[in-house]
Amino acid sequence: MNSVILRVGTRYLAGLLLVFSFYMMLRGHNEPGGGFIGGLTGATGFVLYAIACGTEDARAALRVLPQTIAIWGLGIALFAGVFAAAFGDALFTGQWLFIGATDDDKGLPLSTVLFFDIGVYLVVFGSILTLVFAMEEEV
Amino acid sequence: MNTFGLNIILAIAWVAFTGSVSLTGLITGFAIGYGALWLIQPLIGTSTYFSRVTAWIKLIIMFHYELILSSLEVAMDVLTPRHRARPAVIEMPLDVKTDTGILLVTNLISLTPGTLSLDVSEDRKTLLVHAMFADDHEAILHKLKNGMERWVIEAVEGAT
Amino acid sequence: MSWYLATPIVIPFVTAVLAFLLRRTHWGRWISVSGSTILLIASITLMSVVQRDGVIAAQMGGWPAPFGITLVADLLSAVMVLITAIVAVAVSIYAIADVDEGMERLGYHALFNMLIAGVVGAFITGDLFNLYVWFEVMLIASFGLLVLGGRPEQIDGGVKYVALNLVSTILFLTGIGLLYGMTGTLNLADLASAVDGADPRLLTVVAVLFMIAFGVKAAVFPLFFWLPASYHTPAFAVSAVFAGLLTKVGVYALLRMFTLIFDHDTAFTHTILLWVAALTMVVGVLGAAAQSDMRKILSFHIVSQIGYMILGLALLTPLALVGAVFYLVHHIVVKANLFLIAGVAKRIAGDTDLARIGGLYKSAPVLAILFVIPAFSLAGFPPLSGFWAKFLLVKAALEVEGWIVAGIALAVGLLTIYSMTKIWAQAFWEPHPEGVDPELSSLSGRDRAALLLPIAGLAVLTVIIGVMPEPFVRFAEESAAQLLDPSAYIAAVLGDPA
Amino acid sequence: MTEIIAGCLIILGGVFAVIGGLGLLRMPDVLIRMHASTKIGTLSCGLILAGCAVVFAEPDIIIRVIAIVLFILLTAPIGAHMMGRSVLSTGVALWQNEDIAQDRVEDALLREHDTPEEK
Amino acid sequence: MEFLFAITIGVLVSSAVYLMLSNNLLRFIFGLVLISNAANLTIFVSGRMTDGAPPLIPEGADAPLGDVANALPQALVLTAIVIGFGLFAFAIVLVFRAWTTLGSLTPDDMRLAEPDEVQK
Amino acid sequence: MAGGFPTDVRGNGAIGIVPVLFSAALFVYFASLVPTIAAGDILRASVPWVASLGIDFAFLVDGLSLTFALLISGIGTLVLLYSNTYLAGHPQYARFALFLTAFMVSMLGLVLADDLILLFVFWELTTLTSYMLIGFSHEAEKSRRNALQALFVTGAGGLAFLAGLILLAAATGTTSISGLIAMEEDIRQHAMYLPILILLLAGTFTKSAQVPFHFWLPNAMAAPTPVSAFLHSATMVKAGVYVMARLHPAMSGTDVWLWTLTIFGAVTAVFSSLLALRQTDLKQALAYTTLMALGTLTLFLGQESGYAMTAFGTFLIVHSLYKAALFLVVGCIDLSTGTRETDQLGGLGRLMPVTAFSAALAAFSMAGFPPFLGFIGKELKYAGALAVASEPLLVAGAVLLSNALMLAVAGVVAFRPFWRSSVPAGQSPREAPWQMWAGPLVLACLGALFGIYPDLLQVALINPTVVSLTGEIGEAKELQLWAGFNIPLILSVATFVLGLLIYAGHVRLRARLGSVLGGLPNLDTGWDRFLDGLKGFAKWQTRIVQNGKLSSYLFGTFLTIAAGILLTLVYTGMPTIAVDLSDVEWKHTSIAFLTIAGSLLVLATNSRIAAIAALGVVGIGIAMIFIVFSAPDVAITQLLVETLVVVLVAVVMLRLPALPRAEFRLGHAVLSLAVGAAVTLTVVSVVSNPLDLRLTEYFETTSWPEAYGRNIVNVILVDFRALDTFGEIAVVVIAALSAYALLRTTRKRGRE
Amino acid sequence: MSGFLELSLEIGFMCVVASVVLAFMRMIKGPSLQDRVVALDFMTVAIVAFCGLAAVRYRTSAFLDVALVLALVGFLATVALARFAERNIVRNRKDGTDD
Ligand code: NA
Ligand code: NA
C-alpha cells in the first residue's frame, strides 16, 4: 500500500498494539484480557504492518516464521500443562510461586497458568500471522 | 531526544519505588521526573525538550478547540435543510518534513474545520485536502499552514 | 491415574510439535513413527490398567468433577484408543513411502499427529464440551490432510467435506448449549443423572439434535454425502486413517451418548436409529455396487458398515452391543488396511479405477493374499473377523425377532461379497488392460517394506481376531456390559455415592 | 455536581452522535459524509468518554479514557484518509453545489472517469 | 428476555441456512459466519442472561458481590468463537483455492471428485 | 488345454507330490478308523472355541461323516495325482494345489464338524476355495463370471443357511450337532421349525444345485477338469446333501420335510437328466447327470424307510466313484484329442485302451448293469422308491425315467467316444500317462469290486451310515446282486430297455429336447439380467442420493435437521414454554433488531461490500449483546475476531469474482425458516426452565481463593477448563497450518 | 446514582443506538463501496461510545477495556476494505465485473 500516511501511522500503531497486547495478556487473569485477546491484538498490529508495508517488511520485522511461533506457543502451553505432573498433580494443575509474598499481599505471582496464557498468546499471534501473511502473498 | 528517554527512565524508576504497577504510577512518575529534569536542566545542558513539551501542550489544546469548532460547523450544515457546503479538493504544499510531522498534520487537518486530508503525494511535497467550504482556497491554505502545520512543526521538529 | 489417561493425548501433541519443527529434515517421518509407537505402548498400558482396575478417571487441573474436565476410560474408550494407536503406527510407517517430501514440508506429520490427538481425546474425555473441542481438533486436522497436495479433485472433495462437516459441528455446538441450558452441567457422567431432572419431551428433541450432529460425523443415511464425495481424493495414507478412524469417532459418540445420557425414551430414539441403520446399510452397499473405483467402492462400504454398528446400538441388547463393539474394532482394522492396499495397487498398477488396472493376482500374489484377507473379512467370510462381527449382530437381531433387519444385514453382506469380488476379479484376476504385469519388485526396497509391513500386520490382526475370537468377544461383552450399566463409569467419575 | 457535568457531557456526546449519523445519512457525497462521520463521531465519542471519566474520577480510569481518545484521534483520520484516497482513485461521483463556479475542482475530479456506482 | 434473543438466533439461523443453500461459496461463507454467531449466541442465551454484572471479583473480595452473570457460558462462547474463527479461516482459504484451482465458486459445477456417469 | 498331453509328465516336482502324499495320508488315517466305526462306535473330539457363544471346536466321526471323509480324501488323492500331470508345468500350479488341498481340508472339516457354527465356517470355506478354483483360468472372462455366479448363488444360500443355523441353535439352546440330534422332538414341535427348515434348505438346495438353483453348476465346469471331478461331482455339491443327511434324524419325519425334499429331488432328477441328454459337451453332460444324482439323493433323504436310507448311502458312494472316474476320463480325452464334443470323437478305444477300460467300467456302474455296484444301487433305489410312504409310483416313475436317461448318457459319454467307428482326422490321440489313468481305473475298479463283494461296503460303511441316519442298525437293508424276482428287478429290466432305446435315438431325441427345453426359462441368462438390474438400480439410487451436487447434500442435511426436530416436537408434544418479556428493555430490543437487520441485509444484497459490512453489523450487534449482558471478555474477542474476519474476506475478495444476482428460491426459503423456527422453539423451551447453577457457583467461590484469579471467565479458560483451551489453541494452530499448506501446495502445483 | 445521570445515560444510549441505526441506513443505501465502509467505520466509533456509556451505567471499568481494544483495532477493517475498494475498482475496470 503506497500510502505515506498509513505507513507512518502504522509505524506507531504496530508498536502500540504490540505493547498493548502484552498488557492485555498479563492483566488477563484478574481483568478482561488474557491470552486470546492479547494474541489477537498483537496479531492485528502485524496485520496492519503487512497491509501497509507489504508482507516482506512484516516478515522481516517479525524475524521468526509465524508458524514456528505458533508451534512454540503450543509447546509452551503443553509444557505448562504437563509441568504440574512433575509435582505429582493432575495435568493442567496450576503451580503458583508468589515472589515477595507477605501475609497481607500475595506479592508478584508467577504461575504455570501464566505460562499457559503466554502459550495461548503465541499460538493465536503466530497462527493469525501465518494465515494472513500467506494470503497476502497469494492474492 | 535523550532527555525524553531520561524522563521515561525516571518514570519507570518511580514505578519501581512505589511498587504500584499502573498507568497512574507511570504518569505521576513521568510528571515528577519532568519536574526533576527541569530543575537540573543546567546539569544536562540546554535541550529543546522543554520548549518542545510546551509546544506539544499548546498543540493539543489548540487542536481540541479546532475539533469542537469544526464539528459544530459541520453539524450546522448537517442540521440545516440546504447544504451550504462548497466542496473542493485543494493541493496544499507541505513544509513539514518528518514522518511524525506529516502524520500529525494530516490527522489534525482531517479533524479540523471543513478540511479532510485525502492523500500525500509520493514525494511528500503536497497534501491533497478536501475542503467543505472552499469559497476561497488561499484563505484555507493560509489558515492551515499558519495554524496546524506551524504548531506541529514547533512541537515535532522543534523549529521556532 | 492421571498419567495413564493423559499420555495418550500428550504424546501425539509432542510428536506433532517436534515433527513440525523438524519438518524440513527427513527426521519428521521417523519422529512420527516413533511417536505413534510410544502412543501404542501408552495405550496398551492404559488398556491393561483399565482391565485391571475397571473404569478409571482423572480430574484435569485437580478440580473435582463435575466442575473441572474429567478424562475417563472404560473398556470401550481404552480399546478405541488402542486401535487408534495401532492404526497410527501402521499409517505412519506407510506414510514413509506414500507421503512425498512436499507434503512433509507443509507439515503432514504435524497434522497427522494432531488428528490422532483429536481422535484419542474424543475417546477418553468425560466432558461434553471437551468432546466438542477434540472433535474440532480432529476435524480441522482432517481438513488440512484432505487437501494436502492440492489436486483439483481434492479441492472439490474438500469443499463438500468441509461444508457438510461444518454444519454438523455447529449443530453439535448448539446441542451442547441447549443441553447445558437444561441441565447446568457438561460432565457426561453428571449429565447421566442430571437429565432426569429435565423435561423429557425437550430432552428427546435435544437427543435427536445430537443424533443428527453425530450422524453426520458417523456418515449415516441420510447424512453421509460428504464421505463418498471426498474419501477417494487424498493421499492413501490419509484416506486410510480417515476410513479407519474418523467416522468411528461419530459412532463412538453415538454409543456413548445414547447409552449413558439419552436412554430415557429408547422406544423413540432407538427406533429411529434402527431405521437409520437399515437404510444406511442398504444405501451404502448399493452405492458401492454402482462404483468402479477401488477407493469409491470402499468409501461407500464404510457407510454401509456404519449401518451395522448403528444396528447394534439400536437393538440395545447386550449381545447387540457386543456386536457393535466387535464390529467397530474389526472394521477399523480391516477398512484402514483395504485403503492401504488400494494405495499399493495404485503404485504398482497405476490406478485405482478397476477398468484401468488388473493382473495383480498373476504378478503380485503377495498383494493378492494380503487383499483377500481384509476383503473377505469385510464380506463376512469365516473364519475372519468380519464373520464374527456379522454373526453377533445377526444373532442379536434374530433373538429380538428383528427378522427384517436380520435379513437386511445378511443381504447387505451378500452385496458386500459382490463388491469385494468385483475388486478381486477386475483388479487381480483380469489381465491388465495395457498388458503390463504390475509387480511389487518395481518398488524400491524401502518403499516395499514401508508399504507392505503395515498391511501385513493389520492382516495378521484380522486373522487373529477371526481365528481366536474368544478373547475379543469376551472383551466386547464386558465393554457392552459397562455401556448398558454405566454405574461403574459414573462412580469412577463422580466418586462413589456410597 | 460531577454527575451533573458528566450527564451533560454524555447527553452532548449523544446529540453529536445523532448528528454524525444524520450527517452520514444526509450529506450529499461520500467525502462530505466522511467529514461528518470522522469529526463528529470522534467528538461525540470523546465527550461521552469524558463524561465517563468524570463519573469515575479515578486516575486509572481517566488515563484509560485518555488512551482511548488518543487512539481514536490517531486511527480515525488514517481510516478517513484511506477511504478518501480510494474515493479519489476510484472516482466516485462527487456532489457539486449548483451555485458554485466551476473551478479546478472539476478538473481535479472530472479528470476521474464516469462513475462506476454499484447497481 | 431470552425469548427476544431466541428469536434473534432463529433469524440468524434462517438467513444463514438460506445463504448456505444458495449455490455460491462466498455466500456459503457469509452464512457460515452468521450461523457460528447464532451458535455462540445459543450457548450464551442458554446460560441465561444477566444485565450489567460482569463475572469479576472486586479487589478485596473473595467472591463476586451479589449476582453476577454466569461465567461458564462466557468461557464456552469465548472458546467457541476462537474455534469458529479457525474453521472460518480455513474455509475462506479453501473457497479462495476453489476459485483459483477450479475457476468457479459454484459448488454444483465442481464435479471432479464425483463426475457424472455420462462424462465417464 | 488342447494340444495333447504335457510332455513333462513328471509334473510339478515337490509342489505336485506333497499334496498327494498329504491327502493320501489323510485317507489312510480315515481308513484306519473304519473298523471302529463299523463296530458301531462314534468318535468325538471337542475343545472350546468361542466359549462365550458356546461354540466349540468339536468333531464327530460316525458312519455318515466317515463315508464322506473317505470319499473326499480318497478321491482327493487321486485327483491331486491326476492334476499334477494334467497341469504339469502350469505357472500357477502351486496356487492350484494350495486351493485344492485347502478345499479338501475344509470339506473334511465340514463333514466332521460336530458344531453348527463350525460346520458353517467350513461350509463357507468350501465356497471360498471353490470360487478360487472355478476362476482358476482367471484371464478368461467366462471363468470369472461363472466363479462369481457360483460364489453368489451358494453364498446367498449360505447366508440363509447361517440364519437357519442361528435359529436352530437358539431353538435348541445348543450349537452341538450331536446335542441337538438328541432333541429331535423339541425341534419338530418348535414354533420356529418351519422357518428354520426353509432357511436351512435354502442353503443346502443352492449348494447342492437343486432345480431351480441348479444353473450355476454346469457353468462351474469352467474350472479345470480335475476340479470338476472333485468339487462338482464327488464332494462339494454333496455338502448340501450331507447337511440334510446330518440333520435328517433331527428334522425329518414331517410332511414339509417329506414333500419339499421329495418334490425338489424328483424334479431335479428328471429335469436334469433330460438336460444331460441334450448336451454334446462330455463335461456338460456329466455335470447334468451330477445334478440328477443330487436330485435322487435329496429325494431319498425326504423318506424315512431303511430302504431309502440304504439306497442313499449306496448311491452316494456309487455315484462318487463312477462320476469322478468319468470326469477324469473326459479330462484324458480332452487333453489327448483337444475336444470334448461327442460328435467329433470316436474310435479312441484302441488308441487309449486303459482309459477306455476304466471308462467302460465306470459307465456300466453308472448305467446300473450287474455286477456293478451301480446295479445294486439302482435296485435299492427302486426298493427305496417303492417304500416311499405316499405316492410310491410317482417316485418310482421318476427314478425309472431318470435311470433310463442316465444309462443313455452313460453310453453317450463313456461308450461312444471309444467304440464308435469313425475317427475324426487331424488328431493323433495317444494313451494318457499313468498318473492320469490311474485315478479313473482305481475308481472304476472299486465300483466293480464293491459290486461283486457288496458286504465289504455293507459292513464298513453302509450300515454305519444308515445308523447315523436312522438311529438303529436294523433299518439297514442287504446289499446284494441277486435279490430274487421282485419289482425292483422288473423295473431294472424296464430301465435297460428304455435306456437302450433312448441311447439308440438320442441324436434325434436331442434335437427334440432342444426345441422343448429351449422354451423353458433359463436362469443362467436370468443371472446376467439380475446383475445388470442390480447395477442399474444401484446406479439409479446413487445418482439420486450421491449426485455430486453440494447444494442438494446441504439441502438433505438441513432438511433432516428441520424434520428431525420438528417431527420430534410433534411426537413428544410441545414442551412447556414460558415467554417472559417483563425484563426486556428497549435497549435489548433495538440491539436485537440491529442484529436481525444486519443478517437480513447480508441475505438481501448482491454487493459483496454491503454483505461484509452487514456481517460487521451483525458482529457489532452481537458484541453489544455481550456488552449489555456483562461479558466483556467475550465482547472483546468477538470484536477482534469480527475485525479479522472482515480483513480476511477483504483480502480474499481481491481475487474472487462478484456475487451472482441471488434469485429467490421458495423451497430454500421454506426450509431455512423451518430450521430457524426449530432452533428458536428449542432454545425458547430450554430457557423456559430454571437453570442449575452449581458449576458457576463453584467457580465463583473458588476462582480467587484457590485459582488466584479475579476474572472468573479467564480463570475458567486457563485453569478450570484449561484442557478445552489447550485443544482450542491446537485447533487454531492446525487451522493456520492447514490453510497455509493449502495455499502453498496449490501454488506449487500452479507453477509446475 | 442520581436521577439526572440515569436520565442522561438513557438519552445517551438512545442517541448512540440511533446514530448506529442511521449509519446502518446509509450502509443499505450505499451507493458507493466507500459509503458502506464509512458507515461501518462510524458504527465502530459509536460502539466505543456505547462501551463508555455501559461502563458508567454498570459502574464497571471492564467495558472501557472493550472500548480500548476497539479504538485501536477497529480501523483495521476500514483500512482493509478501503484497500479492497481501491484495488477492486481498478480490477473491475479490467474484467468489467461490478461488485
Ligand atoms: Na477539518
Ligand atoms: Na480391470
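Letters A, B, ... are given to chains in the order of the sequence lines, protein chains preceding strands, and every chain is numbered from 1. Note that this is a predicted model, so its numbers are computed, not measured. Both backbone and side-chain heavy atoms feed into the values below; hydrogens, waters and symmetry mates do not.
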Chemist: Does the plane of the ring in C:Tyr361 sit parallel, tilted or perpendicular to the ring in C:Trp429? Use 30° and 60° as the thresholds.
Modeler: perpendicular
Chemist: Heavy-atom distance under 4.5 Å to chain F: side chain of C:Leu223, backbone, both or neither?
Modeler: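 For C:Leu223, side-chain heavy atoms alone lie under 4.5 Å from chain F.
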Chemist: Within a strict 4.5 Å, meaning less than it, do heavy atoms of the F:Leu148 and C:Tyr418 side chains meet?
Modeler: yes
Chemist: Is C:Leu392 close to chain F through its backbone or its side chain, or both, or neither, when contacts mean heavy atoms under 4.5 Å?
Modeler: side chain
Chemist: Relative to chain F, which segment of C:Asp199 carries a heavy atom at a distance below 4.5 Å: side chain, backbone, both, or neither?
Modeler: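 The side chain, not the backbone.
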Chemist: Sort F:Leu531 into side chain, backbone, both or neither according to what part of it lies under 4.5 angstrom from a heavy atom of chain C.
Modeler: side chain
Chemist: Answer with side chain, backbone, both or neither: which region of F:Phe726 has an atom nearer than 4.5 Å to a non-hydrogen atom of chain C?
Modeler: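 Just the side chain, heavy atoms under 4.5 Å.
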Chemist: Before giving the answer on salt bridge (charged side-chain N to carboxylate O under 4.0 Å, His left out), spell out for C:Glu477 and C:Arg474 the whole-Å C-alpha distance, their side-chain angles and the decisive distance to 0.1 Å.
Modeler: CA-CA 5 Å; C:Glu477 278 175 341; C:Arg474 199 181 311 109; 5.8 Å; no
Chemist: Which answer fits F:Thr572, side chain, backbone, both or neither, if we ask what part of it has an atom under 4.5 Å from a heavy atom of chain C?
Modeler: both
Chemist: Verify, without hydrogens or angle tests, whether C:Gln426 (side chain) and C:Gly358 (backbone) share a donor-acceptor contact under 3.5 angstrom.
Modeler: no
Chemist: Quick check: are there more than 12 heavy atoms from other residues, nucleotides or ligands sitting under 6.0 Å from CE of C:Met468?
Modeler: no
Chemist: Do you know which of F:Phe537, F:Tyr131, F:Tyr740 has the most heavy-atom pairs under 4.5 Å to chain C?
Modeler: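 Of the options given, most contacts go to F:Tyr131.
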Chemist: How long is the gap from CG on C:Leu106 to CG on F:Leu737, to the nearest 0.5 Å?
Modeler: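 One finds 10.0 Å between CG of C:Leu106 and CG of F:Leu737.
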Chemist: Side chain, backbone, both or neither: which part of F:Ala735 has a non-hydrogen atom closer than 4.5 Å to chain C?
Modeler: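 The answer is both parts of F:Ala735.
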Chemist: Is it true that atom CH2 of F:Trp540 has more than 12 heavy atoms of other residues, nucleotides or ligands lying nearer than 6.0 Å?
Modeler: no
Chemist: Where on C:Lys362 is there a heavy atom nearer than 4.5 Å to chain F: the side chain, the backbone, both, or neither?
Modeler: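 Both parts, backbone and side chain.
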Chemist: Relative to chain C, which segment of F:Leu567 carries a heavy atom at a distance below 4.5 Å: side chain, backbone, both, or neither?
Modeler: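 F:Leu567 has no heavy atom closer than 4.5 Å to chain C.
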Chemist: Hey, what's the ring geometry for F:Phe720 with C:Trp63, parallel, tilted or perpendicular (30° and 60° as the breaks)?
Modeler: tilted
Chemist: Let's test your reading of the structure: which of C:Val216, C:Thr183, C:Leu179, C:Val283 forms the most heavy-atom pairs below 4.5 Å with chain F?
Modeler: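 The answer is C:Val283.
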Chemist: Only one of C:Trp424, C:Phe387, C:Phe381 forms a ring pair (Phe, Tyr, Trp, His ring centres under 6.0 Å) with C:Phe376, so which one is it?
Modeler: C:Phe381
Chemist: With a 4.5 angstrom heavy-atom cut-off, could you sort out which part of F:Trp123 is near chain C: side chain, backbone, both or neither?
Modeler: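 It is neither, since no heavy atom gets under 4.5 Å.
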Chemist: Under 4.5 Å from any heavy atom of chain C, what part of F:Ala160 do you find: side chain, backbone, both or neither?
Modeler: neither
Chemist: Considering only heavy atoms and a distance below 4.5 Å, find which of C:Leu139, C:Leu111, C:Val137 pairs most often with chain F.
Modeler: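 Heavy-atom pair counts peak at C:Val137.
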Chemist: Flag the pair C:Pro12 / C:Met114 as yes when at least one side-chain heavy-atom distance between them is below 4.5 Å, and no otherwise.
Modeler: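 Sidechains of C:Met114 and C:Pro12: no contact.
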Chemist: Does any heavy atom of chain F fall under 4.5 Å from the side chain of C:Tyr132, the backbone, both, or neither of them?
Modeler: neither
Chemist: Picking from C:Gly181, C:Ser168, C:Gly68, C:Gly158, which has the most non-hydrogen pairs under 4.5 angstrom with chain F?
Modeler: C:Gly181
Chemist: Taking F:Ser688 for its side chain and F:Ile577 for its backbone only, find out whether a donor-acceptor pair lies under 3.5 Å.
Modeler: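 Not a single qualifying donor-acceptor pair exists.
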Chemist: Between F:Arg145 and chain C, which part of the residue has a heavy atom less than 4.5 Å away: side chain, backbone, both or neither?
Modeler: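 Answer is neither: F:Arg145 stays 4.5 Å or more from chain C.
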Chemist: Identify which of F:Asn547, F:Thr696, F:Ile716, F:Leu534 forms the greatest number of heavy-atom pairs closer than 4.5 Å to chain C.
Modeler: F:Leu534
Chemist: Which answer fits F:Ile166, side chain, backbone, both or neither, if we ask what part of it has an atom under 4.5 Å from a heavy atom of chain C?
Modeler: side chain
Chemist: Is it the side chain or the backbone of C:Leu178 that comes within 4.5 Å of chain F heavy atoms, both, or neither?
Modeler: both
Chemist: Which residue out of F:Val679, F:Thr542, F:Thr568 racks up the most heavy-atom pairs below 4.5 Å with chain C?
Modeler: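 The candidate making the most pairs under 4.5 Å is F:Thr568.
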Chemist: Between F:Val733 and chain C, which part of the residue has a heavy atom less than 4.5 Å away: side chain, backbone, both or neither?
Modeler: side chain
Chemist: Pick one of side chain, backbone, both or neither for F:Val686, based on which atoms fall under 4.5 Å of a heavy atom in chain C.
Modeler: both
Chemist: C:Thr185, C:Leu148, C:Ile417: which one forms the most heavy-atom pairs within less than 4.5 Å of chain F?
Modeler: C:Thr185
Chemist: If you count heavy-atom pairs under 4.5 Å with chain C, which of F:Gly158, F:Ala722, F:Gly135 comes out on top?
Modeler: F:Gly135
Chemist: Go through C:Pro365, C:Ala406, C:Ala229 and name the one with the most non-hydrogen pairs under 4.5 angstrom from chain F.
Modeler: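 Among C:Pro365, C:Ala406, C:Ala229, the one with the most close pairs to chain F is C:Pro365.
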Chemist: Tell me, for C:Leu171 versus chain F, whether the close heavy atoms (under 4.5 Å) come from the side chain, the backbone, both or neither.
Modeler: side chain
Chemist: With a 3.5 Å cut-off and no angle check, do the side chains of C:Ser142 and C:Tyr161 form a donor-acceptor pair?
Modeler: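 Indeed, the side chains of C:Ser142 and C:Tyr161 share at least one donor-acceptor pair under 3.5 Å.
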Chemist: Under 4.5 Å from any heavy atom of chain F, what part of C:Glu136 do you find: side chain, backbone, both or neither?
Modeler: both
Chemist: Going by atom types only, do F:Gln546 and F:Tyr553 share a side-chain donor-acceptor pair under 3.5 Å?
Modeler: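 Side chains of F:Gln546 and F:Tyr553: pair found under 3.5 Å.
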Chemist: Is chain F contacted by the side chain of C:Ile212, its backbone, both, or neither, given a heavy-atom distance below 4.5 Å?
Modeler: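 For C:Ile212, the contact with chain F is made by the side chain alone.
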Chemist: In terms of heavy-atom pairs under 4.5 Å with chain C, which of F:Glu728, F:Lys535, F:Met574, F:Gln541 leads?
Modeler: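 Most heavy-atom pairs under 4.5 Å with chain C: F:Gln541.
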Chemist: Mind checking what makes side chain to side chain donor-acceptor pair (under 3.5 Å) contact with F:Thr129, not counting sequence neighbours?
Modeler: none
Chemist: Measure distances from C:Leu202 to the heavy atoms of chain F and classify the residue's part below 4.5 Å as side chain, backbone, both or neither.
Modeler: both
Chemist: Side chain, backbone, both or neither: which part of C:Val167 has a heavy atom under 4.5 Å from chain F?
Modeler: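 When you check distances to chain F, only side chain atoms of C:Val167 fall under 4.5 Å.
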Chemist: If I measure from the heavy atoms of chain C, does F:Ile117 come under 4.5 Å with its side chain, its backbone, both, or neither?
Modeler: side chain
Chemist: Any idea how F:Phe530 and F:Phe152 line up, ring-wise: parallel (<30°), tilted (30 to 60°), or perpendicular (>60°)?
Modeler: tilted
Chemist: Is it the backbone or the side chain of F:Leu681 that comes under 4.5 Å from a heavy atom of chain C, or both, or neither?
Modeler: neither
Chemist: Can you tell which part of C:Ala289 gets under 4.5 Å to a heavy atom of chain F, answering side chain, backbone, both or neither?
Modeler: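 Both backbone and side chain.
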Chemist: Shorter than 4.5 Å, heavy atoms on both sides: which option in F:Leu693, F:Leu162, F:Asn689, F:Val687 has the most such pairs with chain C?
Modeler: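 Looking at each of F:Leu693, F:Leu162, F:Asn689, F:Val687 in turn, F:Leu162 comes out on top.
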Chemist: Ring centres under 6.0 Å, that's the criterion: do C:Phe472 and C:Phe475 meet it?
Modeler: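 So the answer is no for these two rings.
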Chemist: Measure F:Met132 against the heavy atoms of chain C and call it side chain, backbone, both or neither at under 4.5 Å.
Modeler: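 Both backbone and side chain of F:Met132 come within 4.5 Å of chain C.
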Chemist: Can you tell which of C:Asn187, C:Asp190, C:Asp127 makes a side chain to side chain donor-acceptor pair (under 3.5 Å) with C:Thr70?
Modeler: C:Asn187
Chemist: Any idea how F:Tyr698 and C:Phe67 line up, ring-wise: parallel (<30°), tilted (30 to 60°), or perpendicular (>60°)?
Modeler: parallel
Chemist: What residue in C:Phe13, C:Phe143, C:Phe268 has the most heavy-atom pairs under 4.5 Å with chain F?
Modeler: C:Phe268
